[in-house]
**Student:** 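One structure is given below, represented as structure tokens, and several questions about it will come after.
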Amino acid sequence: MELIITEKDNAARRIADILSGGTYDSSRENGVNVYEWGGKRCVGLSGHVVGVDFPDEYSDWRDVEPVELIDADVEKTATKENIVATLRIFARKATSVTIATDYDREGELIGKEAYEIVRDVNEDVPIRRVRFSSITENEVQEAFENPDDLDFDLAAAGEARQIIDLIWGAALTRFLSLSAGQLGNDFISVGRVQSPTLKLIVDREREIQAFDPEDYWELFADLAKDDTTFESQYFYRDEDDNEAERVWEEAVAEEVYDTLSSNDAATVVDVNRRTRTDAPPTPFNTTQFIRAAGALGYSAQRAMSIAEDLYTAGYITYPRTDNTVYPDDLDPEELLDDFVGHPTLGESAEDLLEADEIQPTEGDEETTDHPPIHPTGEIPSRGDVSDDEWEIFELVVRRFYATVAEAAVWEHLKVVSEVEDYRLKANGKRLVEPGYHDVYPYFSTTENYVPDVEEGEELALSDVELEAKQTQPPRRYGQSRLIETMEDMGIGTKSTRHNTLEKLYDRGYIESDPPRPTKLAMAVVDAAENYADRVVSEEMTAQLEADMDAIASGEADLSDVTDESREMLEEIFANLAESREEIGDHLRKSLKDDKRLGPCPECGEDLLVRNSRHGSYFIGCDGYPDCEYTLPLPSTGKPLILENECEEHGLHEVKMLAGRQTFVHGCPLCKAEDAGEGPILGDCPECGEEHDGELAVKTLQSGSRLVGCTRYPDCEYSLPLPRRGEIEVTDERCDEHDLPELVVHSGDEPWELGCPICNYQEFQARESDSGSDLEALDGLGAKTVEKLADAGIESIDDLTDADPDAVAEDVDGVSADRIRNWQAEA
DNA sequence: GCAAGGTC
């Protein structure tokens, strides 16, 4: 039996399809798909199925000095045991083995991992390696006709990276965490990729903080030819003879203003026309895809997750690629043909097919592993995918269209006019040939109309405006800019860059979007810059890449490279040791700064955000236990301290982050003071007759609201209200319960909640319909149960088996952390 | 409970 091993299940299936001519059978072994035909079996791995780690005796952070990790052994252990087990079963029976992992360095290493698993149970079986750049009939057939051998040097290059990353990352992470006493979930991490990325964000923040704004002025005036008015801007020549629009002295600006205002005509002194070719964009690699999706409002993580789903469903090609050159076997016309006749995507394809010649654009990067991201020709019907998935699918289709479309042509018209000694300019642009913009409507094609005028012509001058402005600090990096910059710096890979950003969020290093560094992040970068500069610099990756190339080409040994790296880290630790306390103090102080809200109204010490036992949060005084002052926080979400301060109490406002249910809580002390009873709705159904209890809209100290009885705590009758939005009490009354109907104003559209009792009864009815044991879990209401059921999670068992991050992606308003809490509770 | 790299 011949055993074929690929990097992922998807590739295994497609290769089986090609090699068997569509006649393969599939079965499952240990939860792993196995494709079988004519004496061959094909099995897909799931990327790395083994990982590197230190032996068990190093696993207790407190027992082992971080420096000891530098010379510790590094072992390989199975991380995907079911796949390893399946591989072993078939390897025993195999008469030949073919490794068909991805055609790149990491693929070679994954191939070597499979090789070792096979060798372990079968000493003699021949093991070959095939390489192909895309899974197409021709490439795959040819690769299997000409098998090669594994490149052990290339795999060793990857192993060197694994070892160096583990040692540096683990030793430094443990050192910082121990120095600050941050163990358990709140450890302080450092790594070759995450730390330079964090430094990028921190450096920008430092620039923003050091920024000193400067005043300047700009002047505009309207010019008119016949009835057409257009805007013109004052400019002058600066000392380097460049055109400049910003006037740095107020007196000068006013003088120009006075002169312009006292004239009613300007003379055209220069007219400059030129055409500009606007070349169509290059094929999508991962980074450019993330950027384009980012412009549509998708986070990097979300864009990749949708792309992954579209890939798995067969609609687009593999989404993790650096390649920006289509492979030879992609026939653009054939692919366009697949879209002909489609109700929304067809017209563009038909237009493109009319061209005499179709020549796709090419980017700078041509790699061997996967093609650029493009549609496969398989088109989902509108009901098969969500709106977001469709939007991303259309983006990928239209990007492909754009790469085979004509260039656009712009006509630029610059008109310079003169008023006494001052000059005004107007830049017009017109899209004369829309070209690719017709099929790719994601770029701006805004035109700016400036009429055709001639030199010497007189134009009417009016509406002179003097605008006082200030220079702005540099902007924070957005997620896609960060990913692009990481790519430019050569850190991370197409598959990991977006995860690295997510990691920085998880570690409490960045908050919000665009990401803003926390005080902790600033302190970590400070410490690294002072003591382990290398780990926050892109240089470490550059050196590693060079070393890996040397190993791959046989010029260096894995042990030469890792030994040298170990020595460098030893030196770093020699310096670190003395400063352990100083570093720890700084980190601890920064951690506290990140939680600081402002002065305690009772004792004047600082109020801090604190964790309660169950993963929720409250506000407590730093003076505890002497001062026991506390304030509540809402139970949903994770608090983010905003820059805004409440004028009355001097406390920072708080926002609660909970995915799409994120809301601003405001000043927690104001909230507490506002707590109390709102409008009376009617008699309490429980104690109204006997004790005259009445129902009122109540705001609790935590900011959450409910309808409750005025006789609380003697009567505990209550009805839930939504967390967000203003509650309006209308004049309509419910016939059955004699209570007013309520309307909730949140977002753009107010919605009718109706009678609060009817609303609650419906809610309960749904809850009992669902009949799910999930409701036993804390904070899991009927609505969420319903949403989880839609995502295929119908019971506690389903929930405990689920991957929290995947579920959070699928279910609106449910964060991975909440799922983990429920899993823990279950 | 450390990294980064695959994949889901």
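Heavy-atom basis, side chains included; hydrogens, waters and symmetry copies ignored. So you know, we letter chains A, B, ... as the sequences are listed, proteins then strands, and number each from 1.
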**Student:** With centres under 5.5 Å and planes under 30° as the test, does A/Trp61 stack with B/dG1?
**Tutor:** yes
**Student:** For A/Asp53, which contact category applies under a 4.0 Å heavy-atom criterion: base, sugar-phosphate, or nothing?
**Tutor:** base
**Student:** Under 4.0 Å between a Lys/Arg side-chain N and an Asp/Glu carboxylate O for A/Glu308 and A/Arg320?
**Tutor:** yes
**Student:** What's the CE-C1' distance between A/Met486 and B/dA4, to the nearest Å?
**Tutor:** 11 Å
**Student:** Rounded to the nearest Å, what distance is computed from the OH atom of residue A/Tyr311 to the C1' atom of nucleotide B/dC8?
**Tutor:** 11 Å
**Student:** Can you tell me which residue pairs pass the side chain to side chain donor-acceptor pair (under 3.5 Å) test with a partner in residues 71-82 of chain A, sequence neighbours excluded?
**Tutor:** A/Lys76-A/Glu159
**Student:** B/dC8, B/dG1, B/dA3: which one has an atom nearest the side-chain heavy atoms of A/Leu183?
**Tutor:** B/dG1
**Student:** Do the charged groups of A/Arg128 and A/Asp149 touch, with an N to O distance under 4.0 Å?
**Tutor:** yes
**Student:** What pairs with A/Arg105 under salt bridge (Lys or Arg N to Asp or Glu O under 4.0 Å), at least two apart in sequence or on another chain?
**Tutor:** A/Glu545
**Student:** For B/dT7, take OP1 and OP2 only and decide whether either is under 4.0 Å from a side-chain N or O of A/Ser495.
**Tutor:** yes
**Student:** Could I get the full list of salt bridge (Lys or Arg N to Asp or Glu O under 4.0 Å) partners for A/Lys592, not counting sequence neighbours?
**Tutor:** A/Asp622
**Student:** Measure CZ/A/Phe187 against P/B/dG1 and give the value in whole Å, please.
**Tutor:** 10 Å
**Student:** Whole-Å distance between B/dG6 P and A/His48 NE2?
**Tutor:** 7 Å
**Student:** Would you indicate what A/Gly51 reaches in the nucleic acid, counting non-hydrogen atoms under 4.0 angstrom: base, sugar-phosphate, or nothing?
**Tutor:** nothing
**Student:** Only pairs at least two apart or in different chains count here, so list each salt bridge (charged side-chain N to carboxylate O under 4.0 Å, His left out) that has a residue in residues 165-176 of chain A.
**Tutor:** A/Arg161-A/Asp165, A/Asp165-A/Arg192
**Student:** Any side-chain N or O of A/Ser46 under 4.0 Å from OP1/OP2 of B/dC8?
**Tutor:** no
**Student:** Looking across every strand, which nucleic acid part, if any, lies under 4.0 Å from A/Thr500 by heavy atom: base, sugar-phosphate, or nothing?
**Tutor:** nothing
**Student:** What's the CG-P distance between A/Asn33 and B/dC8, to the nearest Å?
**Tutor:** 11 Å
**Student:** Is A/Arg534 atom CZ crowded by more than 12 heavy atoms from other residues, nucleotides or ligands, each under 6.0 Å away?
**Tutor:** yes
**Student:** More 5' along DNA chain B: A/Arg62 or A/Arg161, using each one's nearest nucleotide?
**Tutor:** A/Arg62
**Student:** Nearest whole Å is fine: how far is B/dG1 P from A/Asp60 CG?
**Tutor:** 12 Å
**Student:** Counting just side-chain N and O atoms, does A/Ser59 come under 4.0 Å of either OP1 or OP2 of B/dC2?
**Tutor:** no
**Student:** For the side chain of A/Arg320, counting heavy atoms from C-beta on, which of B/dG5, B/dT7, B/dA3 is nearest?
**Tutor:** B/dT7
**Student:** Tell me whether the side-chain N or O atoms of A/Asp9 pair up with the base of B/dC8 as donor and acceptor below 3.5 Å, since no angle test is needed here.
**Tutor:** no
**Student:** Mapping A/Asn185 and A/Asp104 to their closest nucleotides on DNA chain B, which lands nearer the 5' end?
**Tutor:** A/Asn185
**Student:** How would you list all residue pairs meeting side chain to side chain donor-acceptor pair (under 3.5 Å) that involve residues 569-579 of chain A, not counting sequence neighbours?
**Tutor:** A/Tyr531-A/Ser579
**Student:** Check the distance between B/dG5's C1' and A/Leu501's CG and give it to me in whole angstrom.
**Tutor:** 16 Å
**Student:** Run the salt-bridge test on A/Arg129 and A/Asp151 with the 4.0 Å N-O cut-off and return the result as yes or no.
**Tutor:** no
**Student:** Reckon A/Arg192 touches a base, only the sugar-phosphate, or nothing at all at heavy-atom distances under 4.0 Å?
**Tutor:** sugar-phosphate
**Student:** Would you kindly give the CE-to-P distance between A/Met540 and B/dA3, to the nearest whole Å?
**Tutor:** 13 Å
**Student:** Please tell me which of the listed nucleotides, B/dC8, B/dG5, B/dT7, lies nearest to the side chain of A/Asp102?
**Tutor:** B/dT7
**Student:** Categorize A/Gln194 for me: base, sugar-phosphate, or nothing, with a 4.0 angstrom heavy-atom threshold over every strand shown.
**Tutor:** sugar-phosphate
**Student:** Within the pair A/Lys503 and B/dA4, is there a side-chain N or O less than 4.0 Å away from OP1 or OP2?
**Tutor:** yes
**Student:** Base, sugar-phosphate, or nothing for A/Val190, non-hydrogen atoms under 4.0 angstrom?
**Tutor:** sugar-phosphate
**Student:** Which part of the nucleic acid, if any, lies within contact of A/Arg507, taking any heavy atom under 4.0 Å across all strands shown: a base, the sugar-phosphate backbone alone, or nothing?
**Tutor:** sugar-phosphate
**Student:** Please give me every residue in residues 365-376 of chain A whose heavy atoms get under 4.0 Å of an atom in DNA chain B, ordered by residue number.
**Tutor:** none
**Student:** Can you find a side chain N or O atom of A/Thr312 that sits less than 4.0 Å from OP1 or OP2 on B/dC8?
**Tutor:** no
